J.: 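My structure is below; once you've seen it, I'll send some questions.
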Amino acid sequence: MLLVRQAMEIVGGTELPPSQPAAGAVRGSESAVPAACRTETLTPFSVKDPTLQAKIKDYFVFRPGTIERAVSDIRSIAMPTEDGGVQSVWLLTEIDHWNNEKERLVLITERSLLLCKYDFISLICRQVIRISLNAVDTISIGEFLFPPKSLNKREGRGIRIQWDKQDRPSFINRWNPWSTDMPYATFTEHPMANADEKIASLCQLENFKTQLIQAVKKAHKEAPLPGRANGVLILERPLLIQTYIGLMSFINNEAKLGYSMSRGTIGF
């Protein structure tokens with residue numbers, strides 16, 4: 001676990017302070033962030049493998065104080081009346097519908113799932129997608145699957161979260177590589193998930209899946225949506241990504257353009 005040098009409530013992703021931002025807090029407002037959040041620091045990562053240690057230093061997210069700042073910023077976005085308290089924070093890789101990798105902070109709250117695009121270089125939250133947990137209807141876990149003639153495939157396992165009873169995106173959104181209006185989100189582990197046990201506690205996909213399923217089931221039970229069948233379907237099945245040539249995603253993923261990294265004299 002990542003340890004914080006103050007009293008904490010223990011959660012599966014990382015450990016969060018029990019204090020919550022005031023209702024109506026606005027991101028970027030210093031007064032909206034509790035003083036405890038602004039002073040906490042995580043203990044440094046300890047990596048025995050020199051090669052992995054060098055790689056970890058390339059990722060801005062693992063630099064001292066970065067995660068704390070990001071969590072503090074995003075906690076100020078969470079709305080207590082709509083989202084409830086923050087239960088856990090996870091660092092994962094999102095795989096979009098064109099097979100592009102994107103570094104994401106994911107927050108599980110009492111009533112919402114927050115998917116956060118956070119700039120770990122400028123320390124700014126660029127985008128937050130809020131999904132009501134009681135709107136999640138299907139959670140699929142399995143190996144990635146591509147069309148037989150796809151030229152750019154990936155291995156490994158992931159988790160796909162679907163909501164609002166929509167199986168497929170519209171034709172326009174499906175063929176738009178920049179579209180974010182999708183009825184699902186797909187995640188896999190961060191590239192540095194296995195570099196160290198402290199990092200693993202923040203990035204572990206299996207633990208994220210367990211906490212997410214528990215939170216979704218609880219939300220369906222406590223706040224069922226009127227006029228529709230409630231409950232979540234848990235499936236073990238391949239996760240289809242319909243890309244064929246995949247030149248754009250190949251360049252993006254090989255260069256790790258979806259991550260905040262140091263790249264020589266520049267970082268992006």
Side-chain angles (χ1 to χ4, degrees), residues 2 12-14 27 42 45 47 52-75 77-78 86 88-108 113-131 144 152 154-161 177-180 182 184-196 198-209 212 239 241 243 246 248-264 266-268:
L2 298 177
T14 185
R27 183 182 64 82
L42 298 177
F45 295 118
V47 184
L52 288 178
Q53 190 172 28
K55 289 182 179 179
I56 282 178
K57 289 181 179 179
D58 288 338
Y59 291 84
F60 280 83
V61 64
F62 296 122
R63 298 191 175 185
T66 303
I67 279 287
E68 300 93 322
R69 171 65 182 272
V71 171
S72 176
D73 286 349
I74 296 171
R75 282 175 65 96
I77 297 173
V86 177
S88 57
V89 178
W90 305 85
L91 178 67
L92 302 172
T93 294
E94 181 179 6
I95 309 298
D96 72 8
H97 59 300
W98 276 49
N99 197 29
N100 292 297
E101 296 181 1
K102 301 175 182 179
E103 194 172 43
R104 292 289 183 262
L105 273 180
V106 181
L107 276 69
I108 299 176
L113 183 68
L114 304 180
L115 314 181
C116 309
K117 178 183 178 182
Y118 194 87
D119 184 340
F120 292 103
I121 300 176
S122 302
L123 298 178
I124 296 174
C125 185
R126 301 289 185 184
Q127 181 188 45
V128 175
I129 297 175
R130 176 179 280 103
I131 303 159
F144 292 108
N152 183 27
R154 70 167 56 247
E155 297 180 351
R157 289 174 61 84
I159 181 170
R160 176 166 294 167
I161 306 157
W178 297 282
S179 175
T180 58
M182 309 296 288
Y184 63 83
T186 306
F187 296 97
T188 190
E189 288 188 342
H190 192 280
M192 293 290 104
N194 298 317
D196 181 76
K198 297 175 183 177
I199 298 175
S201 68
L202 187 68
C203 309
Q204 216 164 55
L205 195 67
E206 190 66 24
N207 289 348
F208 169 73
K209 178 198 75 173
L212 176 65
L239 307 180
I241 301 178
T243 59
M248 187 177 71
S249 62
F250 175 80
I251 295 172
N252 177 84
N253 297 341
E254 286 297 312
K256 296 195 179 300
L257 299 179
Y259 301 87
S260 296
M261 295 184 66
S262 173
R263 308 174 196 276
I266 59 175
F268 57 88

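These figures come from a predicted structure and were not determined experimentally.
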J.: Any donor and acceptor pair, going by atom type alone, linking the side chain of Thr188 with main-chain N or O of Arg157 inside 3.5 Å?
T.: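 Yes.
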J.: What's the shortest heavy-atom distance between Leu92 and Cys203, and which atoms?
T.: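 The answer is CD2-O, 3.5 Å.
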J.: Please tell me whether Asn152 and Ser249 have a donor and an acceptor in their side chains that are separated by less than 3.5 angstrom.
T.: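 Short answer, yes.
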J.: If we only count heavy atoms from C-beta on, is the Met248 to Asn99 side-chain gap below 4.5 Å?
T.: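 No - every pair of side-chain heavy atoms lies 4.5 Å or more apart.
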J.: Where the side chain of Asn253 meets the backbone of Lys256, is there a donor-acceptor pair that is under 3.5 Å apart?
T.: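 No, Asn253 side chain to Lys256 backbone: no donor-acceptor pair under 3.5 Å.
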J.: Taking the ring centre of each residue, are His190 and Tyr59 less than 6.0 Å apart?
T.: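 Ring centres of Tyr59 and His190 closer than 6.0 Å.
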J.: Is Thr66 reaching over with its side chain to a backbone N or O of Arg63, donor-acceptor style, under 3.5 angstrom?
T.: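 The answer is yes, because a donor-acceptor pair under 3.5 Å joins these two groups.
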J.: Does Val106 reach the side chain of Phe187, with side-chain heavy atoms less than 4.5 Å apart?
T.: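 Contact flag for Val106/Phe187 side chains = yes.
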J.: Can you tell if the side chain of Arg104 reaches within under 4.5 Å of the side chain of Leu115, non-hydrogen atoms only?
T.: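 A side-chain contact under 4.5 Å is absent here.
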J.: For a quick test of reading the model, state the closest non-hydrogen atom pair linking His97 to Thr243 and the distance between them.
T.: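 For His97 and Thr243, the tightest heavy-atom pair comes out as O-CG2, 3.8 Å.
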J.: Under a 4.5 Å cut-off applied to non-hydrogen side-chain atoms, are Arg160 and Ile241 in contact?
T.: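 The answer is yes, as the side chains (C-beta and beyond) meet within the 4.5 Å cut-off.
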J.: Could you pull out the closest heavy-atom pair between Val89 and Val86, with the gap in Å?
T.: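 The answer is CG2-CG1, 4.3 Å.
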J.: Please tell me if the side chains of Leu107 and Ser88 come closer than 4.5 Å, counting only heavy atoms from C-beta onward.
T.: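 No, too far: nothing below the 4.5 Å cut-off.
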J.: Could you measure the distance from the CH2 atom of Trp90 to the CD1 atom of Ile108? Nearest 0.5 Å is fine.
T.: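 So the gap between those two atoms works out to 6.5 Å.
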J.: Report yes if the side chains of Ile95 and Glu101 come closer than 4.5 Å at any heavy-atom pair, otherwise no.
T.: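 A side-chain contact under 4.5 Å exists here.
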J.: Side chains of Asp58 and Tyr259: do they bring a donor and an acceptor to under 3.5 Å?
T.: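 No, Tyr259 and Asp58 have no side-chain donor paired with an acceptor closer than 3.5 Å.
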J.: Where is the tightest heavy-atom contact between Arg69 and Tyr118, given as atom of each residue plus distance?
T.: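 Distance-wise, the nearest heavy atoms are CG-OH, 3.8 Å.
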J.: When you compare the side chain of Leu239 with that of Thr186, does any pair of heavy atoms fall below 4.5 Å?
T.: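 Yes, at least one pair of side-chain atoms sits under 4.5 Å.
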J.: Taking all non-hydrogen atoms of both residues into account, name the closest pair between Leu105 and Leu91 and its distance.
T.: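 Nearest heavy atoms, Leu105 then Leu91: CD2-CD1, 4.2 Å.
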J.: With sequence neighbours left out, write down each residue that passes side-chain contact (heavy atoms from CB on, under 4.5 Å) with Asn252, or none if nothing qualifies.
T.: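 With sequence neighbours excluded, Asn252 shows a side-chain contact (heavy atoms from CB on, under 4.5 Å) to Asn100, Leu257, given in chain and number order.
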J.: How far does CZ of Phe60 sit from CE of Met261, to the nearest 0.5 angstrom?
T.: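 The distance works out to 9.5 Å.
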J.: Just by distance, do the side chain of Thr93 and the backbone of Glu103 share a donor-acceptor pair under 3.5 Å?
T.: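 Between the backbone of Glu103 and the side chain of Thr93 there is no qualifying donor-acceptor contact (under 3.5 Å).
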J.: Does Ile161 reach the side chain of Leu113, with side-chain heavy atoms less than 4.5 Å apart?
T.: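 Side chain of Ile161 against side chain of Leu113, heavy atoms only: contact under 4.5 Å found.
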J.: Do you know which two heavy atoms are closest between Phe120 and Ser260, and how far apart they sit?
T.: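 Smallest interatomic distance, heavy atoms only, reads N-OG, 3.4 Å.
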J.: Go through Leu205 and Ile159 one step at a time and tell me if the side chain to side chain contact (heavy atoms under 4.5 Å, CB included) criterion holds.
T.: CA-CA 8 Å; Leu205 195 67; Ile159 181 170; 3.6 Å; yes
J.: More than 12 heavy atoms of other residues, nucleotides or ligands under 6.0 Å from NZ of Lys209: yes or no?
T.: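 Check passes, neighbour count above 12.
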J.: Rounded to the nearest 0.5 Å, what separation is found between the CD1 atom of Ile77 and the SG atom of Cys116?
T.: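 Rounded to the nearest 0.5 Å, the CD1-SG separation comes out at 6.5 Å.
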